[in-house]
Novice: 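Right, I'll just put the structure down here and ask away after.
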There are 2 protein chains.
Amino acid sequence: MTVAEDTAVSLAGHRVTAARRAVLEAMRATPGPFTVEDLCAALPGVGRATVFRTVKLLQEHDVLCRVVLEDGGVRYQLSTGGHHHHLVCSRCGGVQEFADPALDLLIQQNARAAAFALDGHSLELYGRCAACG
Amino acid sequence: MTVAEDTAVSLAGHRVTAARRAVLEAMRATPGPFTVEDLCAALPGVGRATVFRTVKLLQEHDVLCRVVLEDGGVRYQLSTGGHHHHLVCSRCGGVQEFADPALDLLIQQNARAAAFALDGHSLELYGRCAACG
DNA sequence: TTTCCTGCAAATGCTTTGCACGATA
DNA sequence: TATCGTGCAAAGCATTTGCAGGAAA
């Protein structure tokens with residue numbers, strides 16, 4: 001699948017423009033999680049505002065997921081799809097995704113116990129990845 | 001326990017000043033989670049910078065916990081102590097705390113399965129509280 | 001051809017910093 | 001008295017918005 005093709009899929013109803021394709025390619029070219037600043041630096045021809053607007057658009061379409069660091073900093077990462085959580089390495093800054101139905105179930109049970117109507121949740125684990133030990 | 005007393009306890013090694021006492025009292029007087037803006041509005045005699053500095057100080061001493069909203073907004077809340085998670089109501093903005101050892105255990109198991117050395121984690125549940133149904 | 005998107009620049013809003021004065025231990 | 005903390009104002013950043021020109025459908 002080409003970039004143009006899945007961009008069209010992800011952004012159905014929105015125009016496929018050069019700027020959007022460029023932003024998406026820059027995201028793909030970045031190994032780990034990135035900041036808006038990273039994207040801007042890699043895309044000298046694309047305006048800062050456009051990068052922000054594209055990031056917001058992709059988030060709304062679940063193409064991009066927001067990763068909140070321990071210190072409150074924000075990073076983004078192309079979503080591998082579906083519901084998942086993050087393992088954020090405090091040394092190399094890398095982010096792994098993981099999913100665990102049992103965990104989600106337990107979260108739902110806690111919400112129910114508190115008479116809370118759950119819409120969604122966010123779980124971030126902080127520590128050192130295998131490589132950083 | 002008076003404000004002065006537990007301020008002294010929480011901030012051991014730091015001076016107990018009128019501004020810090022005032023900030024802490026304003027926090028106690030606020031029912032739900034608050035923003036720095038809320039505190040400043042309630043404390044016309046205390047400088048904005050001091051409120052920010054005090055909030056940071058209290059966070060470092062685990063007196064105050066940061067609550068990240070679904071849209072990325074930040075609120076603060078006096079910690080009831082110990083490890084816990086948050087139930088954030090998207091209607092009234094209220095935040096309940098809860099803790100579940102089984103959940104923490106499952107989180108640790110997931111980290112171990114990913115060969116990840118866990119330092120800490122953050123879990124926020126979003127939805128409607130019992131009152132907002 | 002109509003509507004949507006873009007770059008630029010200015011505006012915002014939140015948070016931090018520099019500094020001289022005042023308070024605390 | 002020696003530090004540490006404070007208020008004020010200015011600086012810093014990250015993000016958003018207004019707008020006129022240009023591109024996509």
Side-chain angles (χ1 to χ4, degrees), chain A residues 2-27 33-61 63-77, chain B residues 2-27 33-61 63-76 93:
Chain A
T2 67
V3 170
E5 278 166 0
D6 62 15
T7 300
V9 169
S10 325
L11 301 180
H14 295 272
R15 293 183 179 170
V16 177
T17 65
R20 288 176 176 168
R21 261 191 300 248
V23 171
L24 209 42
E25 283 188 35
M27 290 173 175
F34 45 80
T35 60
V36 170
E37 186 51 43
D38 294 334
L39 295 176
C40 289
L43 297 163
V46 179
R48 210 176 193 69
T50 298
V51 173
F52 273 100
R53 286 184 280 230
T54 305
V55 162
K56 175 179 280 186
L57 183 67
L58 293 177
Q59 267 191 99
E60 288 164 356
H61 286 259
V63 175
L64 202 60
C65 59
R66 164 196 291 256
V67 182
V68 178
L69 272 46
E70 205 160 10
D71 66 1
V74 176
R75 295 286 182 288
Y76 296 95
Q77 193 171 254
Chain B
T2 68
V3 170
E5 279 165 0
D6 61 13
T7 301
V9 171
S10 323
L11 301 182
H14 294 272
R15 293 182 180 172
V16 177
T17 65
R20 286 176 177 168
R21 264 191 299 249
V23 172
L24 209 41
E25 283 188 33
M27 289 174 175
F34 44 79
T35 60
V36 170
E37 185 51 42
D38 294 335
L39 295 175
C40 290
L43 297 163
V46 180
R48 207 176 194 70
T50 299
V51 174
F52 273 101
R53 284 184 282 230
T54 305
V55 163
K56 175 179 279 188
L57 185 67
L58 293 177
Q59 267 191 99
E60 288 165 355
H61 287 257
V63 175
L64 201 61
C65 59
R66 167 197 288 255
V67 182
V68 178
L69 272 45
E70 205 161 8
D71 67 1
V74 175
R75 295 285 182 288
Y76 296 96

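Reminder, nothing fancy here: chain letters follow the sequence lines and each chain counts from 1. Computation of the quantities below employed the complete heavy-atom set of this structure, encompassing side-chain atoms and omitting hydrogens, waters and symmetry-equivalent molecules.
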Novice: Tell me which one of B:L58, B:V63, B:L64 satisfies side-chain contact (heavy atoms from CB on, under 4.5 Å) with B:H61.
Specialist: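 Passing option: B:V63.
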Novice: Is the backbone of B:V74 close enough, under 3.5 Å, to the side chain of B:R66 for a donor and an acceptor to pair up by distance?
Specialist: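 Such a contact is absent between B:R66 side chain and B:V74 backbone.
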Novice: Atom CZ in B:R75, atom CZ in B:F34: separation rounded to 0.5 Å?
Specialist: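 Between atom CZ of B:R75 and atom CZ of B:F34 there are 11.0 Å.
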Novice: A:R48 CZ to D:dA14 P: how many Å, rounded?
Specialist: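 To the nearest whole Å, that distance equals 7 Å.
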Novice: Would you tell me if any nitrogen or oxygen in the side chain of B:R53 comes within less than 4.0 Å of OP1 or OP2 on D:dT6?
Specialist: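 False: B:R53 side-chain N/O out of range (4.0 Å or more) of D:dT6 OP1/OP2.
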Novice: Does A:G73 reach a base, just sugar-phosphate, or nothing at all? Heavy atoms under 4.0 Å.
Specialist: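 Nothing: the residue A:G73, judged by heavy atoms under 4.0 Å, touches no strand.
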Novice: Determine: side-chain N/O of B:H14 to OP1/OP2 of D:dG5, distance under 4.0 Å, yes or no.
Specialist: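 Yes, B:H14 has a side-chain N/O under 4.0 Å of OP1/OP2 on D:dG5.
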Novice: Just jot down the salt bridge (charged side-chain N to carboxylate O under 4.0 Å, His left out) partners of A:E37, sequence neighbours excluded, or say none.
Specialist: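 With neighbours one apart ignored, the set is A:R48.
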Novice: For A:A41 and A:P44, which heavy atoms make the closest approach, and how far apart are they?
Specialist: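 Reported closest heavy-atom pair: O-CD, 4.0 Å.
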Novice: Just the rounded figure in Å: distance from C1' of D:dA25 to CZ of A:R20.
Specialist: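 That distance rounds to 13 Å.
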Novice: Pick the closest DNA chain C nucleotide for B:K56 and for B:A18 by heavy atoms, then say which residue is nearer the 5' end.
Specialist: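 The residue mapped nearer the 5' terminus is B:K56.
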Novice: Could you check A:E37 against A:A49 and say which one's nearest nucleotide on DNA chain D is further toward the 5' end?
Specialist: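 Taking each residue's closest nucleotide, the earlier one in sequence belongs to A:E37.
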Novice: Can a side chain N or O of B:T17 be found less than 4.0 Å away from OP1 or OP2 on D:dT6?
Specialist: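 True: B:T17 side-chain N/O within range (under 4.0 Å) of D:dT6 OP1/OP2.
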Novice: For the pair made of CZ in B:R15 and P in D:dT6, what is the distance, rounded to whole Å?
Specialist: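 Whole-Å distance recorded here is 10 Å.
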Novice: Which atoms form the tightest heavy-atom contact between A:A22 and A:L43, and what is the distance?
Specialist: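 That closest heavy-atom pairing would be O-CD2, 3.6 Å.
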Novice: Determine the contact category for B:V46: base if any of its heavy atoms lies under 4.0 Å from a base atom, sugar-phosphate if only primed atoms, P, OP1 or OP2 are that close, otherwise nothing.
Specialist: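 Answer is sugar-phosphate: B:V46 comes under 4.0 Å of backbone atoms only.
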Novice: Name the one of B:V55, B:V67, B:L39 that satisfies side-chain contact (heavy atoms from CB on, under 4.5 Å) with B:Y76?
Specialist: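 Going through the options one by one, the only one that passes is B:V55.
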Novice: May I have the distance from A:L57 (atom CG) to D:dT15 (atom P), rounded to whole angstrom?
Specialist: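 The distance from CG of A:L57 to P of D:dT15 comes to 17 Å, rounded to the nearest Å.
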Novice: What are the 5'-most and 3'-most nucleotides of DNA chain C lying under 4.0 Å from any heavy atom of chain B?
Specialist: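 The protein-touched segment is C:dT15 to C:dA25.
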